[in-house]
Amino acid sequence: MNTDNIVVVLVRPEESRNVGAVCRAMANSAVHDLRIVGRREDMDDERVRVLAIHAAYIWENARFFESVREATADCTLSAGTTRRRGKKRKGKLFLPEEFAHNAARVTDGGGRVAAVFGNERTGLTDEELEECSCGVTIPSSDEFASLNLSHAVQIVCYELFRTASEGQTGYTPIDLSRLDKTVSVITESLGQMGFFHRVTDHDMAAFWRQVFSRASLSEGEAQYIEKTFHKAAGLFAGKGRE
């Protein structure tokens, strides 16, 4: 696995020392790309450095964004970490080792993978988790299920680090911003065929985005899918509704 293509995203972190501890956890697993949804000026630089120690360079190179979608736009796969389950919480949640297996396939093909971690107190909201392609959960005791932010990052980064490559994919997977174009083609084509009577185009778009991001599509595959749906919509329009 190419750990240079692993991204850690922290969403609205509150405690600067936790950010420093996250930097150290990342460095332990040769992960260096830190992205934060929030503002640098809201962090206490000195407190970050106290716990980052020799991994302060990760903090110095950290980039800041306004949303999870923006922070992960150049990634092929993004996984939001959560311990809460529910209808709006991705349904199937992967274990860290399962996520690492999928990540290895993506990074070996040249794509980026993001592990997304929520606020220390509240975790990821439903809306923030929806912006991720899949969900990951770290099993823990019901007696005290909540993990410290840096501990959660350490566990996920460790699994990513230790997962050996299982062979090259032979292509470069498209990123999520490119995938959004394919999803738009699908939903627009289905809309032209009158598909959205009982299901919304928003739900359908979210479904295809999750499925295709896990599949790590190549550019050629994305174009083929787009052509298929374009042609289906064209054939439907030609026949008319019976």
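Fair warning: this is a prediction, and the values are worked out from it, not measured in the lab.
Without hydrogens or angle criteria, E120 side chain to E15 main chain gives a donor-acceptor distance under 3.5 Å. With S133 contributing its side chain and S78 its backbone, the two residues share a donor-acceptor pair below 3.5 Å. In terms of modelled atom types and a separation under 3.5 Å, the side chain of R47 and the main chain of S16 share no donor-acceptor contact. The main-chain N or O of G123 is never found under 3.5 Å from a side-chain atom of R83 such that the two would form a donor-acceptor pair. Looking only at distances, a side-chain donor or acceptor of S218 sits under 3.5 Å from a matching main-chain atom of E221.
Under the 4.5 Å side-chain contact rule for hydrophobic residues, I225 and F207 share a cluster. By the criterion of side-chain heavy atoms lying less than 4.5 angstrom apart, applied directly or through intervening Ile, Leu, Val, Met, Phe, Trp or Tyr residues, V68 is not grouped with F65; the two fall into different hydrophobic clusters. In the hydrophobic clustering of this structure, V183 groups with M193; members are Ile, Leu, Val, Met, Phe, Trp, Tyr whose side-chain heavy atoms approach within less than 4.5 Å, directly or through other members. With hydrophobic clusters built from ILVMFWY side chains whose heavy atoms lie under 4.5 angstrom apart, I174 shares a cluster with V211. When hydrophobic clusters are built by joining Ile, Leu, Val, Met, Phe, Trp and Tyr residues whose side-chain heavy atoms come closer than 4.5 Å, directly or via intermediates, L51 is not grouped with I36.
Considering every non-hydrogen atom in both C23 and L34, the closest pair reads SG-CD2, 3.9 Å. Nearest approach of L93 to E98, heavy atoms of both residues: O-OE1, 4.4 Å. In terms of heavy-atom proximity, L124 sits nearest to F117 at CD2-C, 4.0 Å. Heavy atoms only, all atoms of each residue included: V37 and P13 are closest at O-CD, 4.1 Å. Counting all heavy atoms, side chain and backbone alike, V136 lies closest to L95 at CG1-C, 4.2 Å. Taking every heavy atom of both residues into account, Q223 and R178 meet most closely at CG-NH2, 3.9 Å.
In this structure, CE on M26 lies 7.5 Å from CG on L10, to the nearest 0.5 angstrom. To the nearest 0.5 Å, the span separating CZ on F195 from CZ on F236 amounts to 11.5 Å. Rounding to the nearest 0.5 Å gives a distance of 14.5 Å between CD of E159 and CZ of F94. Distance check: T76 OG1 to R105 CZ gives 10.5 Å after rounding to the nearest 0.5 Å. Put simply, CG on N5 and CG on L160 are 11.5 Å apart, with the number rounded to the nearest 0.5 Å. Between the CZ atom of R162 and the OG atom of S29 there is a distance of 11.0 Å, given to the nearest 0.5 Å.
A 4.5 Å side-chain heavy-atom check between L176 and R209 finds at least one atom pair inside the cut-off. Side-chain atoms of C75 and R35, non-hydrogen and from C-beta on, do get closer than 4.5 Å to each other.
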**OP:** Go through the steps to decide whether Q192 and E188 satisfy the test side chain to side chain donor-acceptor pair (under 3.5 Å), and finish with yes or no.
**Re:** CA-CA 6 Å; Q192 293 169 16; E188 289 171 6; 5.5 Å; no
Subject >> side chain to side chain contact (heavy atoms under 4.5 Å, CB included) assessment of F212 paired with I186 >> reply: CA-CA 12 Å; F212 286 146; I186 292 174; 3.3 Å; yes
**OP:** Verify side chain to side chain contact (heavy atoms under 4.5 Å, CB included) between E131 and T72, making sure each step is shown before the conclusion.
**Re:** CA-CA 9 Å; E131 292 183 332; T72 60; over 6 Å; no
Subject >> Chi angles and distances behind the salt bridge (charged side-chain N to carboxylate O under 4.0 Å, His left out) call for R63, D33 >> reply: CA-CA 8 Å; R63 288 181 284 168; D33 191 343; 3.5 Å; yes
Subject >> Step-by-step side chain to side chain contact (heavy atoms under 4.5 Å, CB included) determination, F161 to N28 >> reply: CA-CA 9 Å; F161 178 73; N28 289 153; over 6 Å; no
**OP:** Go through the steps to decide whether I138 and T81 satisfy the test side chain to side chain contact (heavy atoms under 4.5 Å, CB included), and finish with yes or no.
**Re:** CA-CA 8 Å; I138 301 172; T81 55; 5.5 Å; no
Original post:
How far apart are the C-alpha atoms of R49 and E60, what are their side-chain angles, what is the distance that settles it, and do they pass the salt bridge (charged side-chain N to carboxylate O under 4.0 Å, His left out) test?
Top reply: CA-CA 10 Å; R49 292 176 184 276; E60 293 165 359; 2.8 Å; yes
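Listed by chain and residue number, nothing satisfies the ring pair (Phe, Tyr, Trp, His ring centres under 6.0 Å) test with Y158 (two or more places apart in sequence, or in another chain). Residues that satisfy the side chain to side chain donor-acceptor pair (under 3.5 Å) test with R12, not counting sequence neighbours, are E128.
Counted within 6.0 Å of OH on Y57, heavy atoms from surrounding residues, nucleotides or ligands total more than 12; the atom is thus considered enclosed. Other residues, nucleotides and ligands contribute at most 12 non-hydrogen atoms within 6.0 Å of the CZ atom of R24. The neighbour count for E41 CD, taken as heavy atoms of other residues, nucleotides or ligands under 6.0 Å away, is above 12.
Considering S216, S184, S213, P173 as possible partners of L179, the one that fulfils the side chain to side chain contact (heavy atoms under 4.5 Å, CB included) test is S213.
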